[in-house]
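One structure is given below, encoded as structure tokens.
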Amino acid sequence: MSIQQAYNSWAPQYDTNKNRTRDLEAVALRTTLASINFETCLEVGCGTGKNTEWLVRKAMHVTAVDLSEEMLERARKKVSSNKAEFVQADITQVWSFATQPYDLVSFSLVLEHISDLDHTFKQVAAVLNHGGHVYIGELHPFKQYTGTKARFDTEEGRQEVECYTHHVSDFVQAAKRYGLSLVDLNEYFDENDRTTIPRILTMLLQKV
Ligand SMILES: C[S@@+](CC[C@H](N)C(=O)[O-])C[C@H]1O[C@@H](n2cnc3c(N)ncnc32)[C@H](O)[C@@H]1O
């Protein structure tokens, strides 16, 4: 099953399944961006709009992009603000959906599905204003090392979505190649228990 087919199939249950990664990343994004100001935001892999809801309250405009029409349909229903524009697109292709310079580009739980970080960061650097930020919130690679993957259950059995492991240094070095500096890095743990493997890795980058 392709990544697009997998999310089209996951969409009806994405918001209601027990999913600690989804929920903890929502906390991580809000914590990381609470003190960051932005007027224009490009949300990459917006899914069902879990974070779009929050981003439109801070921004004047959010372009929210996703590969899956079924995920987007739910996002459109959830976020009625005319500050949000939803676009179906594949971010591994040319970024023709980025129609203006952005103060913030955000990625939540999407880069694990993207093999080529260089293509992604090159596009980010091109659409980001100077001084603008990039937020990345991902399933922590430490979790990936233990076998955790994006997965959901269907009547036909458990479906695993195609994933790639990016090490922490892969993110930081790819960002550096395109003029994006690391300004913050954090880790979020289940029940805030720092004796366990962290679930979510966040990075805040800035175009210098
Ligand atoms: C785990 S979901 C995360 C959704 C949302 N950001 C969240 O945190 O709940 C990953 C999303 O990335 C999208 N995605 C995966 N590959 C993509 C691609 N190449 N281009 C655009 N979106 C993609 C999927 O369709 C899916 O909605």
Side-chain angles (χ1 to χ4, degrees), residues 1-33 41-59 61-93 95-98 104-115 120 135-141 143-144 146-166 188 190-191 198-202:
M1 194 186 286
S2 70
I3 293 171
Q4 187 176 29
Q5 287 167 335
Y7 277 103
N8 280 339
S9 167
W10 193 350
Q13 35 167 321
Y14 184 84
D15 284 345
T16 48
N17 284 158
K18 179 176 161 62
N19 184 337
R20 289 195 286 187
T21 302
R22 174 200 63 208
D23 295 346
L24 192 56
E25 194 285 327
V27 173
L29 175 132
R30 285 153 181 73
T31 306
T32 307
L33 296 178
C41 170
L42 175 62
E43 187 190 9
V44 179
C46 64
T48 60
K50 172 191 90 184
N51 292 329
T52 322
E53 276 187 312
W54 187 83
L55 292 167
V56 288
R57 277 188 248 133
K58 282 196 68 135
H61 176 83
V62 176
T63 306
V65 178
D66 202 279
L67 182 62
S68 159
E69 218 13 279
E70 295 295 326
M71 296 290 273
L72 277 171
E73 194 183 310
R74 278 145 187 97
R76 286 194 187 97
K77 282 192 185 133
K78 193 178 290 167
V79 184
S80 55
S81 169
N82 57 12
K83 292 196 282 177
E85 175 197 9
F86 292 98
V87 186
Q88 193 276 329
D90 181 350
I91 65 147
T92 64
Q93 306 299 312
W95 283 29
S96 46
F97 48 81
L104 173 71
V105 180
S106 77
F107 297 88
S108 296
L109 308 177
V110 57
L111 290 175
E112 69 180 295
H113 300 305
I114 306 297
S115 63
T120 309
Y135 164 83
I136 296 171
E138 284 292 313
L139 178 66
H140 204 298
K143 276 279 184 200
Q144 292 183 306
T146 67
T148 304
K149 290 183 91 171
R151 60 168 76 100
F152 61 103
D153 292 319
T154 67
E155 283 172 5
E156 290 79 46
R158 179 156 284 194
Q159 307 293 327
E160 288 196 337
V161 190
E162 189 178 331
C163 288
Y164 305 92
T165 299
H166 302 300
Y188 291 77
D190 291 338
E191 282 89 46
R199 179 172 294 278
I200 299 291
L201 168 72
T202 65

| Worked verdict on V161 versus I3 for side chain to side chain contact (heavy atoms under 4.5 Å, CB included) | CA-CA 6 Å; V161 190; I3 293 171; 4.2 Å; yes
| Checking side chain to side chain contact (heavy atoms under 4.5 Å, CB included) for the pair W10/T48: CA distance, chi angles, key distance, verdict? | CA-CA 10 Å; W10 193 350; T48 60; over 6 Å; no
| How far apart are the C-alpha atoms of K50 and R74, what are their side-chain angles, what is the distance that settles it, and do they pass the side chain to side chain contact (heavy atoms under 4.5 Å, CB included) test? | CA-CA 10 Å; K50 172 191 90 184; R74 278 145 187 97; over 6 Å; no
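Annotation: salt bridge (Lys or Arg N to Asp or Glu O under 4.0 Å) contacts of K18 (sequence neighbours excluded): none. Not a single ring-ring contact (aromatic ring centres under 6.0 Å, His included) links Y135 to another residue, sequence neighbours left out. Scored by the side chain to side chain contact (heavy atoms under 4.5 Å, CB included) test, E73 finds E70, K77 as partners (sequence neighbours excluded). Residues satisfying the side chain to side chain contact (heavy atoms under 4.5 Å, CB included) criterion with Q88, sequence neighbours excluded, are Q4, L67, E69, L72. Applying the salt bridge (Lys or Arg N to Asp or Glu O under 4.0 Å) test to R22 and every residue at least two apart in sequence or in another chain returns nothing. Looking at residues two or more places apart in sequence or on another chain, you find no ring-ring contact (aromatic ring centres under 6.0 Å, His included) involving F107. In terms of the salt bridge (Lys or Arg N to Asp or Glu O under 4.0 Å) criterion, E53 has no residue partners (sequence neighbours excluded). Applying the ring-ring contact (aromatic ring centres under 6.0 Å, His included) test to H166 and every residue at least two apart in sequence or in another chain returns F171. The ring-ring contact (aromatic ring centres under 6.0 Å, His included) test applied to F97 returns W95, not counting sequence neighbours. Judged as a side chain to side chain contact (heavy atoms under 4.5 Å, CB included), and not counting sequence neighbours, the contacts of S81 are V56, V79, K83. Looking at residues two or more places apart in sequence or on another chain, you find a salt bridge (Lys or Arg N to Asp or Glu O under 4.0 Å) between D15 and K78.
The distance from the CD1 atom of I136 to the OG1 atom of T32 is 11.0 Å, given to the nearest 0.5 Å. Put simply, SG on C163 and CD1 on I114 are 10.5 Å apart, with the number rounded to the nearest 0.5 Å. Here the CG-OH distance, from L29 to Y188, works out to 9.0 Å after rounding to the nearest 0.5 Å. In this structure, M71 CE and Y14 OH are separated by 5.0 Å, a value rounded to the nearest 0.5 Å. Taking CZ from R199 and CZ from R20, the interatomic distance works out to 4.5 Å, rounded to the nearest 0.5 Å.
Side-chain contact check for D90 and T92: at least one donor-acceptor pair (N or O, by modelled atom type) lies under 3.5 Å.
Classified by interplanar angle (parallel below 30°, tilted 30° to 60°, perpendicular above 60°), the ring pair Y7/H113 is perpendicular.
Shortest non-hydrogen contact noted between S68 and N8 is OG-OD1, 2.7 Å. Listed here is the closest heavy atom pair of E43 and S106: CG-OG, 3.4 Å. Contact between C46 and T52 at its shortest, heavy atoms only, is CB-OG1, 3.8 Å.
Inter-residue side-chain proximity for F152 and Q159 is flagged as met; some heavy-atom pair is nearer than 4.5 Å. Side-chain contact check for L55 versus L104: some heavy-atom pair is nearer than 4.5 Å. H140 has its side chain out of reach of T148: every pair of non-hydrogen atoms, C-beta onward, lies at least 4.5 Å apart. Within the 4.5 Å cutoff, the side chain of E25 has no heavy atoms near those of the T202 side chain. At a threshold of 4.5 Å between non-hydrogen side-chain atoms, the residues L109 and I200 count as touching.
Each salt bridge (Lys or Arg N to Asp or Glu O under 4.0 Å) pair with one or both residues in residues 152-161, not counting sequence neighbours, appears once here: K149-E160, R151-E160, D153-R158.
Not a single donor-acceptor pair under 3.5 Å links the side chain of E138 to the backbone N or O of S108. Looking at K143, its side chain never comes within 3.5 Å of a backbone N or O of T21 through a donor-acceptor pair. A donor-acceptor pair under 3.5 Å is absent between the side-chain atoms of S9 and the main chain of Q5, judged by distance alone.
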